[in-house]
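Down below is the structure, laid out as C-alpha coordinates.
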There are 2 protein chains.
Amino acid sequence: MAAPNDNDLIARLEQHDIRASAQRVAIARYVLATEDHPSADEVWKAVTPDFPMVSRATVYNTLQLFTEKGLLRQLVLAEGCIVYDPKVEPHHHFVDDETGAIEDIPWTALRVGKVDELEGVDVRDYMVVVRGRRKGRRR
Amino acid sequence: MAAPNDNDLIARLEQHDIRASAQRVAIARYVLATEDHPSADEVWKAVTPDFPMVSRATVYNTLQLFTEKGLLRQLVLAEGCIVYDPKVEPHHHFVDDETGAIEDIPWTALRVGKVDELEGVDVRDYMVVVRGRRKGRRR
DNA sequence: CCACGGATTTAGACTACGTCCAAATATCGG
DNA sequence: CCGATATTTGGACGTAGTCTAAATCCGTGG
Ligand SMILES: [Mn+2]
Ligand SMILES: [Mn+2]
Ligand SMILES: [Zn+2]
Ligand SMILES: [Zn+2]
(Lines give C-alpha, C1' and ligand atoms only; values in the text may rest on other atoms or scores of the structure.)
(Ligands and ions follow the chains in the order given, each with its own letter.)
Protein backbone atom coordinates (compact mmCIF):
# COMPACT_ATOMS: atom_id res chain seq x y z
CA MET A 1 0.00 0.00 0.00
CA ALA A 2 1.29 3.47 -0.87
CA ALA A 3 2.11 5.18 2.38
CA PRO A 4 -0.45 7.92 2.82
CA ASN A 5 1.02 11.27 3.70
CA ASP A 6 0.17 12.93 6.95
CA ASN A 7 -2.27 15.40 5.46
CA ASP A 8 -4.36 12.57 4.07
CA LEU A 9 -4.29 10.89 7.44
CA ILE A 10 -5.29 14.03 9.27
CA ALA A 11 -8.17 14.56 6.87
CA ARG A 12 -9.28 11.02 7.37
CA LEU A 13 -9.24 11.32 11.15
CA GLU A 14 -11.20 14.55 11.02
CA GLN A 15 -13.80 13.05 8.70
CA HIS A 16 -14.37 10.56 11.48
CA ASP A 17 -14.66 13.17 14.23
CA ILE A 18 -11.25 12.51 15.64
CA ARG A 19 -8.98 15.38 16.49
CA ALA A 20 -5.57 14.86 15.02
CA SER A 21 -2.75 14.90 17.51
CA ALA A 22 0.82 13.95 16.71
CA GLN A 23 0.44 10.66 18.56
CA ARG A 24 -2.77 9.79 16.79
CA VAL A 25 -1.26 10.47 13.41
CA ALA A 26 1.74 8.30 14.21
CA ILE A 27 -0.52 5.47 15.27
CA ALA A 28 -2.77 5.92 12.25
CA ARG A 29 0.22 5.95 9.91
CA TYR A 30 0.98 2.41 10.89
CA VAL A 31 -2.31 0.82 11.77
CA LEU A 32 -4.47 2.19 8.98
CA ALA A 33 -2.01 1.14 6.29
CA THR A 34 -0.85 -2.27 7.42
CA GLU A 35 -1.85 -5.51 5.77
CA ASP A 36 -1.29 -7.25 9.10
CA HIS A 37 -3.80 -7.73 11.83
CA PRO A 38 -1.73 -6.48 14.74
CA SER A 39 -2.52 -6.68 18.42
CA ALA A 40 -2.49 -3.48 20.44
CA ASP A 41 0.95 -4.29 21.76
CA GLU A 42 2.22 -4.92 18.25
CA VAL A 43 0.95 -1.49 17.27
CA TRP A 44 2.73 -0.02 20.26
CA LYS A 45 5.98 -1.70 19.28
CA ALA A 46 5.59 -0.58 15.68
CA VAL A 47 4.96 3.05 16.61
CA THR A 48 7.63 3.39 19.28
CA PRO A 49 10.70 3.68 17.00
CA ASP A 50 8.92 6.44 15.12
CA PHE A 51 7.67 8.20 18.17
CA PRO A 52 9.67 6.95 21.11
CA MET A 53 7.82 8.51 23.94
CA VAL A 54 4.29 7.45 23.12
CA SER A 55 2.89 5.66 26.11
CA ARG A 56 1.25 2.31 26.09
CA ALA A 57 -1.95 3.80 27.50
CA THR A 58 -2.19 6.23 24.61
CA VAL A 59 -1.87 3.47 22.05
CA TYR A 60 -4.53 1.35 23.71
CA ASN A 61 -6.90 4.29 24.11
CA THR A 62 -6.34 5.47 20.57
CA LEU A 63 -7.05 2.07 19.06
CA GLN A 64 -10.23 1.94 21.09
CA LEU A 65 -11.18 5.38 19.81
CA PHE A 66 -10.43 4.52 16.20
CA THR A 67 -12.61 1.45 16.57
CA GLU A 68 -15.53 3.42 18.00
CA LYS A 69 -15.22 5.85 15.14
CA GLY A 70 -15.23 3.12 12.52
CA LEU A 71 -11.64 3.31 11.30
CA LEU A 72 -10.73 -0.10 12.66
CA ARG A 73 -12.39 -3.34 13.46
CA GLN A 74 -11.52 -5.57 16.38
CA LEU A 75 -11.13 -9.24 15.63
CA VAL A 76 -10.90 -11.97 18.19
CA LEU A 77 -8.35 -14.08 16.39
CA ALA A 78 -5.10 -13.46 18.25
CA GLU A 79 -3.15 -16.64 18.74
CA GLY A 80 -2.36 -17.41 22.33
CA CYS A 81 -5.80 -16.61 23.62
CA ILE A 82 -7.63 -19.87 23.57
CA VAL A 83 -10.84 -21.41 24.79
CA TYR A 84 -11.53 -25.13 24.86
CA ASP A 85 -14.41 -26.87 23.14
CA PRO A 86 -15.33 -30.42 24.09
CA LYS A 87 -17.34 -30.79 20.91
CA VAL A 88 -14.68 -31.81 18.45
CA GLU A 89 -16.85 -32.39 15.40
CA PRO A 90 -17.23 -29.52 12.94
CA HIS A 91 -19.67 -26.82 13.94
CA HIS A 92 -20.06 -23.07 13.87
CA HIS A 93 -20.12 -20.54 16.70
CA PHE A 94 -22.22 -17.65 17.85
CA VAL A 95 -20.66 -15.07 20.15
CA ASP A 96 -22.96 -12.87 22.18
CA ASP A 97 -21.91 -9.24 21.99
CA GLU A 98 -23.20 -8.43 25.44
CA THR A 99 -21.89 -11.30 27.47
CA GLY A 100 -19.12 -12.74 25.34
CA ALA A 101 -20.73 -16.16 25.73
CA ILE A 102 -19.97 -18.63 22.97
CA GLU A 103 -22.69 -20.96 21.72
CA ASP A 104 -22.58 -23.76 19.23
CA ILE A 105 -24.34 -23.61 15.90
CA PRO A 106 -24.86 -27.01 14.27
CA TRP A 107 -22.86 -27.62 11.13
CA THR A 108 -25.96 -28.04 9.02
CA ALA A 109 -27.63 -24.86 10.23
CA LEU A 110 -25.43 -22.84 7.88
CA ARG A 111 -24.15 -23.43 4.43
CA VAL A 112 -20.66 -22.46 3.32
CA GLY A 113 -19.63 -22.71 -0.30
CA LYS A 114 -16.53 -22.28 -2.42
CA VAL A 115 -14.07 -23.14 0.36
CA ASP A 116 -12.51 -25.75 -1.93
CA GLU A 117 -11.91 -23.06 -4.53
CA LEU A 118 -9.53 -21.10 -2.31
CA GLU A 119 -6.17 -20.88 -4.04
CA GLY A 120 -2.86 -21.59 -2.40
CA VAL A 121 -4.06 -22.97 0.90
CA ASP A 122 -4.50 -26.40 2.43
CA VAL A 123 -7.63 -26.04 4.48
CA ARG A 124 -7.56 -27.98 7.75
CA ASP A 125 -10.70 -26.59 9.24
CA TYR A 126 -13.15 -23.76 8.92
CA MET A 127 -16.14 -22.37 10.73
CA VAL A 128 -18.49 -19.45 10.58
CA VAL A 129 -18.25 -17.07 13.52
CA VAL A 130 -21.46 -15.12 13.99
CA ARG A 131 -21.60 -12.14 16.33
CA GLY A 132 -24.67 -10.36 17.59
CA ARG A 133 -27.24 -10.44 20.34
CA ARG A 134 -29.69 -12.98 21.55
CA LYS A 135 -33.18 -11.81 20.73
CA GLY A 136 -35.82 -11.25 23.35
CA ARG A 137 -33.33 -10.82 26.10
CA ARG A 138 -34.82 -9.01 29.06
CA ARG A 139 -33.87 -5.38 29.06
CA MET B 1 -25.72 -33.21 30.07
CA ALA B 2 -25.80 -36.29 32.29
CA ALA B 3 -22.67 -36.26 34.40
CA PRO B 4 -20.56 -39.18 33.26
CA ASN B 5 -19.25 -41.33 36.07
CA ASP B 6 -15.55 -41.69 36.65
CA ASN B 7 -15.31 -45.14 35.14
CA ASP B 8 -16.69 -43.84 31.86
CA LEU B 9 -14.23 -40.99 31.95
CA ILE B 10 -11.29 -43.26 32.68
CA ALA B 11 -12.30 -45.52 29.82
CA ARG B 12 -12.57 -42.56 27.53
CA LEU B 13 -9.12 -41.29 28.47
CA GLU B 14 -7.58 -44.70 27.96
CA GLN B 15 -9.22 -45.09 24.57
CA HIS B 16 -7.32 -41.96 23.63
CA ASP B 17 -3.96 -43.20 24.98
CA ILE B 18 -4.07 -41.06 28.07
CA ARG B 19 -3.20 -42.56 31.42
CA ALA B 20 -5.85 -41.70 33.93
CA SER B 21 -4.58 -39.92 37.01
CA ALA B 22 -6.78 -38.39 39.67
CA GLN B 23 -6.03 -34.89 38.39
CA ARG B 24 -6.78 -35.80 34.81
CA VAL B 25 -10.09 -37.33 35.74
CA ALA B 26 -11.06 -34.27 37.75
CA ILE B 27 -10.21 -32.02 34.81
CA ALA B 28 -12.01 -34.29 32.36
CA ARG B 29 -15.07 -34.40 34.56
CA TYR B 30 -15.55 -30.73 34.05
CA VAL B 31 -14.15 -29.93 30.66
CA LEU B 32 -15.48 -32.87 28.68
CA ALA B 33 -19.02 -32.34 29.91
CA THR B 34 -19.44 -28.59 29.85
CA GLU B 35 -21.56 -26.73 27.36
CA ASP B 36 -19.32 -23.71 27.85
CA HIS B 37 -16.19 -22.89 25.97
CA PRO B 38 -13.92 -22.22 28.92
CA SER B 39 -10.43 -20.79 28.90
CA ALA B 40 -7.67 -22.74 30.59
CA ASP B 41 -7.90 -20.54 33.65
CA GLU B 42 -11.65 -21.02 33.81
CA VAL B 43 -11.05 -24.75 33.81
CA TRP B 44 -8.55 -24.32 36.59
CA LYS B 45 -11.03 -22.31 38.65
CA ALA B 46 -13.76 -24.87 37.99
CA VAL B 47 -11.63 -27.81 39.06
CA THR B 48 -10.06 -26.24 42.13
CA PRO B 49 -13.04 -26.55 44.53
CA ASP B 50 -13.27 -30.21 43.61
CA PHE B 51 -9.59 -30.86 43.81
CA PRO B 52 -8.00 -28.02 45.73
CA MET B 53 -4.38 -28.75 45.25
CA VAL B 54 -4.26 -29.15 41.50
CA SER B 55 -1.66 -26.78 40.14
CA ARG B 56 -2.16 -24.35 37.36
CA ALA B 57 0.62 -25.98 35.34
CA THR B 58 -1.12 -29.33 35.51
CA VAL B 59 -4.34 -27.91 34.18
CA TYR B 60 -2.63 -26.16 31.31
CA ASN B 61 -0.57 -29.23 30.42
CA THR B 62 -3.54 -31.53 30.67
CA LEU B 63 -5.69 -29.41 28.39
CA GLN B 64 -2.85 -29.39 25.90
CA LEU B 65 -2.60 -33.15 26.15
CA PHE B 66 -6.33 -33.68 25.74
CA THR B 67 -6.20 -31.48 22.66
CA GLU B 68 -3.35 -33.44 21.11
CA LYS B 69 -5.25 -36.64 21.75
CA GLY B 70 -8.42 -35.35 20.14
CA LEU B 71 -10.65 -34.98 23.19
CA LEU B 72 -10.80 -31.20 22.93
CA ARG B 73 -10.51 -28.54 20.34
CA GLN B 74 -8.87 -25.18 20.84
CA LEU B 75 -10.78 -22.16 19.59
CA VAL B 76 -9.39 -18.70 19.26
CA LEU B 77 -12.49 -16.84 20.33
CA ALA B 78 -11.75 -15.69 23.87
CA GLU B 79 -12.88 -12.14 24.44
CA GLY B 80 -10.17 -9.81 25.60
CA CYS B 81 -7.60 -11.00 23.14
CA ILE B 82 -7.96 -8.72 20.18
CA VAL B 83 -6.21 -7.87 16.95
CA TYR B 84 -7.01 -4.83 14.86
CA ASP B 85 -8.07 -4.86 11.24
CA PRO B 86 -7.93 -1.68 9.19
CA LYS B 87 -10.21 -3.20 6.58
CA VAL B 88 -13.62 -2.49 8.03
CA GLU B 89 -15.80 -3.82 5.22
CA PRO B 90 -17.03 -7.41 5.53
CA HIS B 91 -14.51 -10.08 4.65
CA HIS B 92 -13.35 -13.48 5.77
CA HIS B 93 -10.05 -14.58 7.31
CA PHE B 94 -7.46 -17.25 6.83
CA VAL B 95 -5.17 -18.12 9.73
CA ASP B 96 -1.93 -19.91 8.98
CA ASP B 97 -1.41 -22.84 11.32
CA GLU B 98 2.36 -22.54 11.24
CA THR B 99 2.87 -18.85 11.71
CA GLY B 100 -0.40 -17.64 13.14
CA ALA B 101 -0.50 -14.98 10.42
CA ILE B 102 -3.94 -13.73 9.53
CA GLU B 103 -4.81 -12.99 5.91
CA ASP B 104 -7.90 -11.51 4.37
CA ILE B 105 -10.23 -13.47 2.15
CA PRO B 106 -12.50 -11.31 0.00
CA TRP B 107 -16.17 -11.43 0.88
CA THR B 108 -17.12 -12.81 -2.51
CA ALA B 109 -14.55 -15.59 -2.48
CA LEU B 110 -16.81 -17.63 -0.20
CA ARG B 111 -20.52 -18.08 0.00
CA VAL B 112 -22.40 -18.37 3.27
CA GLY B 113 -26.06 -19.28 3.33
CA LYS B 114 -28.88 -19.59 5.82
CA VAL B 115 -27.49 -17.02 8.26
CA ASP B 116 -30.83 -15.21 8.14
CA GLU B 117 -32.58 -18.40 9.20
CA LEU B 118 -30.81 -18.53 12.56
CA GLU B 119 -33.44 -18.42 15.29
CA GLY B 120 -33.31 -16.18 18.30
CA VAL B 121 -30.36 -14.03 17.39
CA ASP B 122 -29.85 -10.58 15.94
CA VAL B 123 -26.84 -10.97 13.73
CA ARG B 124 -24.53 -7.99 13.72
CA ASP B 125 -21.72 -9.51 11.77
CA TYR B 126 -20.33 -12.80 10.63
CA MET B 127 -17.28 -14.18 8.89
CA VAL B 128 -15.76 -17.46 7.92
CA VAL B 129 -12.52 -18.30 9.70
CA VAL B 130 -10.44 -20.75 7.69
CA ARG B 131 -7.43 -22.45 9.24
CA GLY B 132 -4.73 -24.41 7.47
CA ARG B 133 -1.42 -24.01 5.72
CA ARG B 134 -0.26 -22.05 2.79
CA LYS B 135 0.55 -24.40 -0.05
CA GLY B 136 3.95 -24.61 -1.62
CA ARG B 137 5.70 -23.21 1.37
CA ARG B 138 9.37 -24.07 1.43
CA ARG B 139 10.14 -27.00 3.71
C1' DC C 1 7.74 -56.61 49.17
C1' DC C 2 11.04 -53.40 47.37
C1' DA C 3 13.76 -50.68 44.27
C1' DC C 4 13.95 -48.48 40.01
C1' DG C 5 12.78 -45.33 36.26
C1' DG C 6 9.65 -42.95 33.69
C1' DA C 7 5.46 -40.29 34.03
C1' DT C 8 3.15 -36.89 36.39
C1' DT C 9 2.50 -33.12 39.44
C1' DT C 10 3.89 -29.24 42.06
C1' DA C 11 5.09 -24.42 43.76
C1' DG C 12 6.50 -20.48 42.61
C1' DA C 13 9.32 -17.36 39.82
C1' DC C 14 8.89 -15.05 35.76
C1' DT C 15 6.98 -12.71 31.49
C1' DA C 16 3.68 -10.39 28.68
C1' DC C 17 -0.29 -8.02 28.08
C1' DG C 18 -3.73 -5.07 29.43
C1' DT C 19 -6.07 -1.65 32.71
C1' DC C 20 -6.29 2.23 35.46
C1' DC C 21 -5.43 6.70 37.50
C1' DA C 22 -3.90 11.14 38.99
C1' DA C 23 -0.78 14.45 37.35
C1' DA C 24 1.25 16.89 33.48
C1' DT C 25 0.81 18.79 29.04
C1' DA C 26 -1.18 20.39 24.76
C1' DT C 27 -4.78 22.61 22.29
C1' DC C 28 -8.74 25.51 21.41
C1' DG C 29 -12.15 29.25 21.71
C1' DG C 30 -12.72 33.68 23.32
C1' DC D 1 -3.01 35.57 26.79
C1' DC D 2 -6.35 32.91 29.75
C1' DG D 3 -9.18 29.36 31.26
C1' DA D 4 -11.43 25.22 29.92
C1' DT D 5 -11.16 21.00 27.76
C1' DA D 6 -8.91 17.26 25.51
C1' DT D 7 -5.05 14.48 25.42
C1' DT D 8 -1.03 12.17 27.01
C1' DT D 9 1.98 10.30 30.40
C1' DG D 10 4.44 7.09 33.59
C1' DG D 11 3.97 3.85 36.51
C1' DA D 12 1.40 0.92 39.67
C1' DC D 13 -1.44 -2.82 39.44
C1' DG D 14 -3.93 -7.25 38.06
C1' DT D 15 -4.31 -11.41 35.46
C1' DA D 16 -3.28 -15.06 32.39
C1' DG D 17 0.04 -17.97 30.78
C1' DT D 18 4.88 -20.15 30.64
C1' DC D 19 8.64 -22.43 32.50
C1' DT D 20 11.63 -25.12 35.54
C1' DA D 21 13.69 -27.93 38.92
C1' DA D 22 12.31 -30.69 42.50
C1' DA D 23 8.94 -33.81 44.55
C1' DT D 24 5.79 -37.45 44.09
C1' DC D 25 3.37 -41.17 41.99
C1' DC D 26 2.99 -45.63 40.00
C1' DG D 27 3.68 -49.64 37.12
C1' DT D 28 7.10 -53.16 36.54
C1' DG D 29 10.59 -56.50 37.28
C1' DG D 30 13.61 -58.58 40.71
MN1 LIG E 1 0.45 -9.91 13.52
MN1 LIG F 1 -16.91 -19.29 29.33
ZN1 LIG G 1 -18.30 -25.23 20.07
ZN1 LIG H 1 -9.04 -8.63 7.77
Side-chain angles (χ1 to χ4, degrees), chain A residues 6 9-10 13-14 16-31 36-69 71-72 74-84 100 102, chain B residues 6 9-10 13-14 16-31 36-69 71-72 74-84 100 102:
Chain A
D6 287 359
L9 283 174
I10 292 171
L13 296 188
E14 285 174 354
H16 287 259
D17 274 319
I18 299 168
R19 293 167 54 170
S21 68
Q23 288 89 337
R24 287 173 180 177
V25 171
I27 292 165
R29 191 154 48 226
Y30 168 68
V31 79
D36 279 353
H37 294 76
S39 67
D41 239 49
E42 284 170 346
V43 174
W44 183 57
K45 291 188 187 99
V47 170
T48 291
D50 215 353
F51 203 127
M53 281 298 117
V54 69
S55 90
R56 182 190 294 258
T58 298
V59 172
Y60 279 73
N61 292 337
T62 300
L63 293 171
Q64 195 62 44
L65 177 70
F66 286 5
T67 302
E68 282 157 19
K69 299 299 189 179
L71 285 168
L72 291 177
Q74 296 182 332
L75 302 182
V76 179
L77 284 178
E79 295 301 311
C81 210
I82 297 287
V83 296
Y84 287 91
I102 301 171
Chain B
D6 286 358
L9 283 174
I10 292 171
L13 296 188
E14 286 174 352
H16 287 259
D17 275 317
I18 299 167
R19 292 173 49 176
S21 69
Q23 289 89 338
R24 287 172 178 178
V25 171
I27 292 166
R29 191 155 48 228
Y30 168 68
V31 79
D36 279 354
H37 293 76
S39 67
D41 240 50
E42 283 169 347
V43 174
W44 183 56
K45 292 189 186 95
V47 171
T48 290
D50 215 353
F51 203 127
M53 281 298 117
V54 70
S55 88
R56 182 189 292 252
T58 298
V59 173
Y60 279 73
N61 292 338
T62 300
L63 293 171
Q64 196 63 43
L65 177 70
F66 285 5
T67 302
E68 282 157 19
K69 299 299 188 178
L71 285 168
L72 292 177
Q74 297 182 332
L75 302 183
V76 179
L77 285 178
E79 295 301 310
C81 208
I82 297 287
V83 296
Y84 287 91
I102 301 170

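Here the structure is a predicted model, which means the values were calculated and not measured. Chain A is the first sequence line, chain B the second, and so forth, proteins listed ahead of strands; every chain is numbered from 1.
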What are the two closest non-hydrogen atoms of B/Trp44 and B/Val54, and how far apart are they? NE1-O, 3.2 Å
Taken to the nearest whole Å, CZ/A/Arg19 to C1'/C/dT25 is 14 Å
Below 4.5 Å, heavy atoms only, C-beta onward: do A/Tyr30 and A/Asp50 meet side chain to side chain? no
Rounded to whole Å, how long is the line connecting atom CD of B/Gln23 with atom P of C/dA7? 17 Å
Range on DNA chain D touched by chain A, heavy atoms, distance below 4.0 Å: D/dA6 to D/dG10
Given atom CH2 of A/Trp44 and atom P of C/dA16, what is their separation to the nearest angstrom? 11 Å
Over how many whole Å does the gap from A/Glu14 atom CD to C/dT27 atom P extend? 13 Å
Which atom of B/Ile82 lies closest to which atom of A/Val76, heavy atoms considered: CD1-CG2, 3.7 Å
Side chain to side chain, B/Leu13 and B/Leu71, heavy atoms closer than 4.5 Å: yes
Atom-pair distance (CG on B/Leu13; C1' on C/dA7), nearest Å: 15 Å
Starting at CD of B/Gln64 and ending at P of C/dA7, how long is that distance when rounded to a whole Å? 18 Å
Whether A/Arg24 side chain and A/Arg19 backbone form a donor-acceptor pair below 3.5 Å: yes
For A/Leu63 and C/dG18, give me the distance from atom CG to atom P, rounded to whole Å. 10 Å
Report the distance from atom CD of A/Gln74 to atom P of C/dG18, rounded to the nearest whole Å. 11 Å
Assuming nearest nucleotide by heavy-atom distance, tell me which of B/Arg24 and B/Cys81 is located more 5' along DNA chain C. B/Arg24
Tell me, do A/Asp41 and A/Tyr60 make a side-chain contact under 4.5 Å, heavy atoms counted? yes
Of all heavy-atom pairs linking B/Tyr84 and A/Val31, the shortest is CB-CG2, 4.5 Å
Heavy atoms, side chains only, cut-off 4.5 Å: are A/His37 and A/Leu75 in contact? yes
Side-chain contact, heavy-atom cut-off 4.5 Å: A/Asn61 with A/Leu65? no
Quick check on contacts: within residues 45-61 of chain B, what sits under 4.0 Å from DNA chain D by heavy-atom distance? B/Lys45, B/Arg56, B/Ala57, B/Tyr60
